[in-house]
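The structure appears below as C-alpha cells.
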Amino acid sequence: VDVRLHGWRQNAEASPYYTTWLNPVLYVHLAFAISTTLLWIYTIVTAVRRFARPAAPGPYSAQHKRVAKAAALGMCLTAVTGWIFYWMAFVA
C-alpha cells in the first residue's frame, strides 16, 4: 500500500540497478502478477460454473487441475520476481 500511495522510485534511486535492470525486472514481475491474477479469476469462475453442487469430481476436474497448477506456478513466479525486484531496488 505504501508503494502505491507514496511511490517507490525516490527510494530506489540509490540502487546500482536503478538505471539498468530495475525496470525490466519490474515489467517481468508485473507480467507474472497480472497474468496470474487473470488466471486465478478464470480458474475460480469456471470452477463455480462447471462443478456440480455439491462440488465433486467430474468432467471438468482434469482441466481445473491443470489450470490451477499453472496459476500456482504463476503465484510462485510472482513472488520470486517480486523478491528480486525488492532486493534490486531497496537492498542492493
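These values consider heavy atoms only, across backbone and side chains, with no hydrogens, waters or symmetry-generated copies. Numbers here are sequence positions counted from 1.
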same_hphob_cluster([X], [Y]) at 4.5 Å side-chain heavy-atom cutoff:
X	Y	answer
Val91	Leu26	yes
Met75	Leu77	no
Leu30	Phe90	yes
Ile84	Val28	no
Val80	Met88	yes

For the residue pair [X] and [Y], what are the closest heavy atoms and their distance?
X	Y	answer
Ala72	Trp40	N-CZ2, 4.2 Å
Thr20	Pro24	O-CD, 3.6 Å
Val67	Tyr42	CG1-CD2, 3.9 Å
Ala12	Leu22	CB-CD2, 4.0 Å

(request) Kindly say whether Ala92 contributes a backbone atom to a donor-acceptor pair with the side chain of Ser15 at under 3.5 angstrom? (result) no
(request) Please confirm whether the backbone N or O of Gly58 pairs with a side-chain atom of Ser61, one donor and one acceptor, at under 3.5 Å? (result) yes
Within the 4.5 Å heavy-atom criterion, are [X] and [Y] side-chain neighbours or not?
X	Y	answer
Thr43	Gln63	no
Tyr60	Arg49	no
Tyr27	Asn23	yes
His64	Arg50	no

(message) Tell me whether Tyr86 at atom OH has more than 12 heavy atoms from other residues, nucleotides or ligands lying less than 6.0 Å away.
(response) no
(request) May I ask you to decide if the ring planes of Phe85 and His29 are parallel, tilted or perpendicular, using 30° and 60° as cut-offs? (result) parallel
